[in-house]
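Just so it is clear, the values below take in all heavy atoms, side chains as well, and ignore hydrogens, waters and symmetry mates. Throughout, residue positions are numbered sequentially from 1 according to the sequence presented.
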Amino acid sequence: MGVEQPAEYYDAIYSRAKKYNRHYTGVRWLPMFEKAASLIKSDNILEIGCGVGQFANLLHDKGFRNYTGIDFSKEAIDRCKRLNLLGYHFIKGDAYKMSDVNNYDTIIALETLEHLNDFEILSLIPKGKRVIISLPTFNNEAHLIWFNFESEIFQRYDMVIDIDYIERISDWFLFSGTKV
């Protein structure tokens, strides 16, 4: 099991890993991104852990216009801003200190909660908000959690999310529901 890493860890990864320099159409997450986008029911989106903006770019191309992304990596946010996605807001900030979550209808955390105290982050999301989350099926030095079976997702999150969709897509579980 991994440990929570500082922003500098991700700055270094985003700076050197080629996969973070690719357009979203060239990343292995594309099938998960496409499905996640199809689960969005409102164009009022907050993405926690937006990374370098690959999913944001896909959303923009699909016509979503009311989007805010937050990440604590300066490198990630700088790259997001260079995408020049008109109308999109990117904030360098700490997910543990989010204060305006109530302003959004859909909260997205793709490839994020496994790196953080997931229940602490989920506690910041108000009841009734739609959530779309992906979690890995593999361990990594920066993964605090990962899952082998859908039943583990239900078991862990049943008390905080009314899950209405779950699917394994490659190396991730993608699920959505309503925060309870």
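- A distance of 6.0 Å separates CD1 in Ile91 from CG in Asp100, rounded to the nearest 0.5 Å.
- Using a 4.5 Å cut-off on side-chain heavy atoms (C-beta onward), Leu83 and Tyr88 make no contact.
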Practice task
Could you go through the side-chain contact (heavy atoms from CB on, under 4.5 Å) check for Asn21 and Arg79 one step at a time?
Solution key: CA-CA 9 Å; Asn21 290 317; Arg79 286 185 186 212; 2.6 Å; yes
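- Counting heavy atoms from C-beta outward, Val101 and Lys179 have side chains that stay 4.5 Å or more apart.
- At a threshold of 4.5 Å between side-chain heavy atoms, the hydrophobic network of Ile, Leu, Val, Met, Phe, Trp and Tyr places Ile153 and Tyr165 in two separate groups.
- Other residues, nucleotides and ligands place no more than 12 heavy atoms under 6.0 Å from the CZ atom of Phe149.
- One distance of note links NZ of Lys127 with OG1 of Thr178; it measures 13.0 Å at 0.5 Å rounding.
- Two rings, from Tyr67 and Tyr104, have their centers 6.0 Å or more apart.
- Salt bridge annotation for Arg156-Glu152: absent, with no cationic side-chain nitrogen under 4.0 angstrom from a carboxylate oxygen.
- Trp146 and Ile161 are not part of a single hydrophobic cluster, where members link through side-chain heavy atoms under 4.5 Å apart.
- Distance alone, capped at 3.5 Å, places no donor-acceptor pair between the Arg130 side chain and the Ile107 backbone.
- For the residue pair Ala95 and Leu124, the shortest heavy atom distance occurs at O-CD1, 3.2 Å.
- Listed for the Lys129 side chain is a donor-acceptor partner under 3.5 Å among the backbone atoms of Asn102.
- Under the 4.5 Å side-chain heavy-atom criterion for ILVMFWY residues, no single connected hydrophobic cluster contains both Met32 and Phe175.
- Lys62 is listed as a side-chain neighbour of Glu34, based on a closest heavy-atom distance under 4.5 Å.
- Residues Thr137 and Arg168 have side chains that bring a donor and an acceptor to within less than 3.5 angstrom of each other.
- Heavy-atom minimum distance, Gln54 versus Lys19: NE2-O, 2.9 Å.
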Exercise for the section: Mind running side-chain contact (heavy atoms from CB on, under 4.5 Å) on His143 and Phe138 for me, showing each step along the way? Expected result: CA-CA 8 Å; His143 289 180; Phe138 58 94; 3.3 Å; yes
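- What you find for Pro136 and Trp172 is that their closest heavy atoms are CA-CD1, 3.7 Å.
- Using a 4.5 Å cut-off on side-chain heavy atoms (C-beta onward), Met159 and Val180 make no contact.
- With rounding to the nearest 0.5 angstrom, the CG atom of Asp71 is 8.5 Å from the CD atom of Glu47.
- Counting only N and O atoms by type, the side chains of Tyr157 and Asp118 include a donor and acceptor under 3.5 Å apart.
- In plain terms, the two heavy atoms of Gly51 and Cys80 that are nearest each other are O-SG, 3.1 Å.
- Looking at heavy atoms from C-beta onward, Ile13 lies out of side-chain contact with Asp11 at the 4.5 angstrom threshold.
- At least one side-chain heavy atom of Leu110 sits under 4.5 Å from a side-chain heavy atom of Leu174.
- To the nearest 0.5 Å, atoms CD1 (Ile108) and CZ (Phe33) are separated by 10.5 Å.
- Nearest heavy-atom pair, Tyr14 versus Ser73, reported as atom, atom and distance to 0.1 Å: CD1-OG, 3.4 Å.
- No single ILVMFWY cluster, assembled from side-chain heavy atoms under 4.5 Å apart, contains both Ile166 and Ile40.
- A distance of 4.5 Å separates CZ in Arg28 from CG in Asp171, rounded to the nearest 0.5 Å.
- Two residues are said to be in side-chain contact when any heavy atoms from C-beta on lie closer than 4.5 Å; Cys50 and Thr68 fail this criterion.
- Val131 and Phe147 fall within a single hydrophobic cluster, where Ile, Leu, Val, Met, Phe, Trp and Tyr are joined by side-chain heavy atoms under 4.5 Å apart, directly or via other members.
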Practice task
Just do the side-chain contact (heavy atoms from CB on, under 4.5 Å) check on His23 and Asp61 with the steps written out, would you?
Solution key: CA-CA 12 Å; His23 187 265; Asp61 287 354; 4.2 Å; yes
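- In this structure, CG on Asp94 lies 7.0 Å from CD1 on Ile70, to the nearest 0.5 angstrom.
- Taking the six-membered ring for Trp and thresholds of 30 and 60 degrees, Tyr10 and His115 have ring planes more than 60 degrees apart, a perpendicular arrangement.
- A side-chain donor from one of Asn44 and Asn66 sits under 3.5 Å from a side-chain acceptor of the other.
- Between Trp29 and Tyr20, a ring centre-to-centre spacing shorter than 6.0 Å is recorded.
- Residue Lys41 comes nearest to Thr106 through the heavy atom pair N-OG1, 4.5 Å, listed as atom of the first residue, atom of the second, then distance.
- Residue Gln155 places its CD atom among 12 or fewer non-hydrogen atoms of other residues, nucleotides or ligands, all under 6.0 Å distant.
- Looking at heavy atoms from C-beta onward, Leu113 lies in side-chain contact with Leu122 at the 4.5 angstrom threshold.
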